[in-house]
**Student:** 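Take a look at this one; I'll ask things after.
All values derive from a computational prediction rather than experimental measurement. Whatever order the structure lists them in is the order used to number ligands and atoms, beginning at 1.
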Amino acid sequence: MLRAGVLTLQGAAPEHALLLHAAMRERGQAGEVVAVRGPGDLAGLDCLVLPGGESTTIGKLLKRLDMVEPIREMAAAGTPMMGTCAGCILMAKEGDDEVRRTGIELLGLMDMKVSRNRFGRQRESFECQLEVEGLEEGFPAVFIRGPVIEERWGRCRPLAHFKGQAVMVSQNNLLALSFHPELSVDTRIHRMLLDMVPRT
Ligand code: GLN
């Protein structure tokens, strides 16, 4: 049975849990979704979602709860992970001045530099049809004060662009998105994450 974790410290965690359940159902796969609130909840997970919210708050809580190293170890061991919006920021190795000013420690999992709050304020949130590599039809992508991936190196590859800038990337077992796939009813991106889990 598949165990998918959703980091549940702050932000859009319940929506990810719903989409993961739906994605499992569509794949005909038995599984459960675990609300990850401390290091002990990471044990035995097949994949992990780092949701959107406030990267400053989530970053501070990860540190206070001693979850930074365990998550780094899981990522290095090959556990599939997906970071959305604030989660995308946390997965980056580098941040722009906006990120540096916050003083948070990034998880530093992916070969990329992110630039925070690059799509304006909350009221400038928008939805667009995004072409995503590996998906046949456009994905309804919701952007809410999301970051852009302004530099990539190493094995980090772009999977989607918006106005010429990378907004979805992958690197081995890791996926990061500037937008919120959990705020649509489209499960294709959550299925992509589940597809990365080796079948036993
Ligand atoms: N602007 C937020 C941050 O920098 C991210 C917004 C979101 O996750 N919707 O943490």
**Student:** Only heavy atoms of I144, strictly under 4.0 Å: list the atoms of ligand 1 that pass.
**Tutor:**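 Ligand 1 atoms under the 4.0 Å threshold to I144: 6 (C), 7 (C), 9 (N).
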**Student:** Which ligand 1 atoms are under 4.0 Å away from a heavy-atom of S55?
**Tutor:**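 Answer for ligand 1: 3 (C), 4 (O), 10 (O).
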**Student:** Do me a favour and list the nearest non-hydrogen protein atom to atom 1 (N) of ligand 1 with residue, atom name and distance?
**Tutor:**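 Minimum-distance protein heavy atom for atom 1 (N) of ligand 1 reads N117 OD1, 2.5 Å.
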**Student:** Would you say ligand 1 has an N or O under 3.5 Å from any N or O of C85?
**Tutor:**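 For ligand 1, there is no N or O atom that lies under 3.5 Å from one belonging to C85.
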**Student:** Give me the one residue out of R116, K60, E54 that meets side chain to side chain contact (heavy atoms under 4.5 Å, CB included) with T102.
**Tutor:**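 Among R116, K60, E54, the one that satisfies the side chain to side chain contact (heavy atoms under 4.5 Å, CB included) with T102 is R116.
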**Student:** Need the ligand 1 atom indices (1-based, order shown) with element for anything under 4.0 Å from a heavy-atom of G52.
**Tutor:**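 Counting from 1, the qualifying ligand atoms are 8 (O).
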**Student:** Is it true that E98 lies under 4.0 Å from ligand 1, counting heavy atoms only?
**Tutor:**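 False for this residue.
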**Student:** Please answer whether the main-chain N or O of A4 pairs with a side-chain N or O of E32 as donor and acceptor at a distance below 3.5 Å.
**Tutor:**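 Side chain of E32 to backbone of A4: no pair is present.
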**Student:** Show, in sequence, the C-alpha distance, side-chain angles and deciding distance for R72 and E105, and conclude whether the salt bridge (Lys or Arg N to Asp or Glu O under 4.0 Å) test is met.
**Tutor:** CA-CA 12 Å; R72 284 181 181 152; E105 181 181 347; 2.9 Å; yes
**Student:** Polar contacts were defined as any N/O atom of the residue lying under 3.5 Å from an N/O atom of the ligand; does this apply to G53 and ligand 1?
**Tutor:**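 Yes; at least one N/O pair falls below 3.5 Å.
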**Student:** If I apply the N/O under 3.5 Å rule, does T84 come out as touching ligand 1?
**Tutor:**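 No, since none of the N or O atoms of T84 sits under 3.5 Å from an N or O of ligand 1.
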**Student:** Quick one: does T187's side chain have a donor or acceptor within less than 3.5 Å of a partner on A22's backbone?
**Tutor:**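 Pair absent, no side-chain N/O of T187 close to backbone of A22.
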**Student:** Going by the side chain to side chain contact (heavy atoms under 4.5 Å, CB included) test, name the single residue among V6, L183, T84 that passes it with E15.
**Tutor:**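 Checked V6, L183, T84 against E15; only one passes side chain to side chain contact (heavy atoms under 4.5 Å, CB included): L183.
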**Student:** Under 3.5 Å, N or O to N or O, is T56 touching ligand 1 that way?
**Tutor:**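 Between T56 and ligand 1 (N or O atoms, distance only) the closest approach is not under 3.5 Å.
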**Student:** Pick one of side chain, backbone, both or neither for how R145 approaches ligand 1, counting any non-hydrogen atom pair under 4.0 Å.
**Tutor:**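 Looking at R145 and ligand 1, atoms from backbone and side chain both fall under 4.0 Å.
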**Student:** Just need the protein heavy atom nearest to atom 4 (O) of ligand 1, so name the residue and atom and give the distance.
**Tutor:**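 Checked against all protein heavy atoms, atom 4 (O) of ligand 1 sits closest to R116 NE, 2.5 Å.
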**Student:** Under 3.5 Å between any N/O of I89 and any N/O of ligand 1: does that happen in this structure?
**Tutor:**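 No, since none of the N or O atoms of I89 sits under 3.5 Å from an N or O of ligand 1.
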**Student:** Run the salt-bridge test on R157 and E133 with the 4.0 Å N-O cut-off and return the result as yes or no.
**Tutor:**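 Result for this pair is yes, salt bridge flagged.
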**Student:** Report yes if the distance between the aromatic ring centroids of F179 and F119 is under 6.0 Å, otherwise no.
**Tutor:**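 No, the ring centres sit 6.0 Å or more apart.
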**Student:** Do I149 and M110 sit in the same hydrophobic cluster, where Ile, Leu, Val, Met, Phe, Trp and Tyr count as joined when their side-chain heavy atoms come under 4.5 Å apart?
**Tutor:**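 Yes, one cluster joins them.
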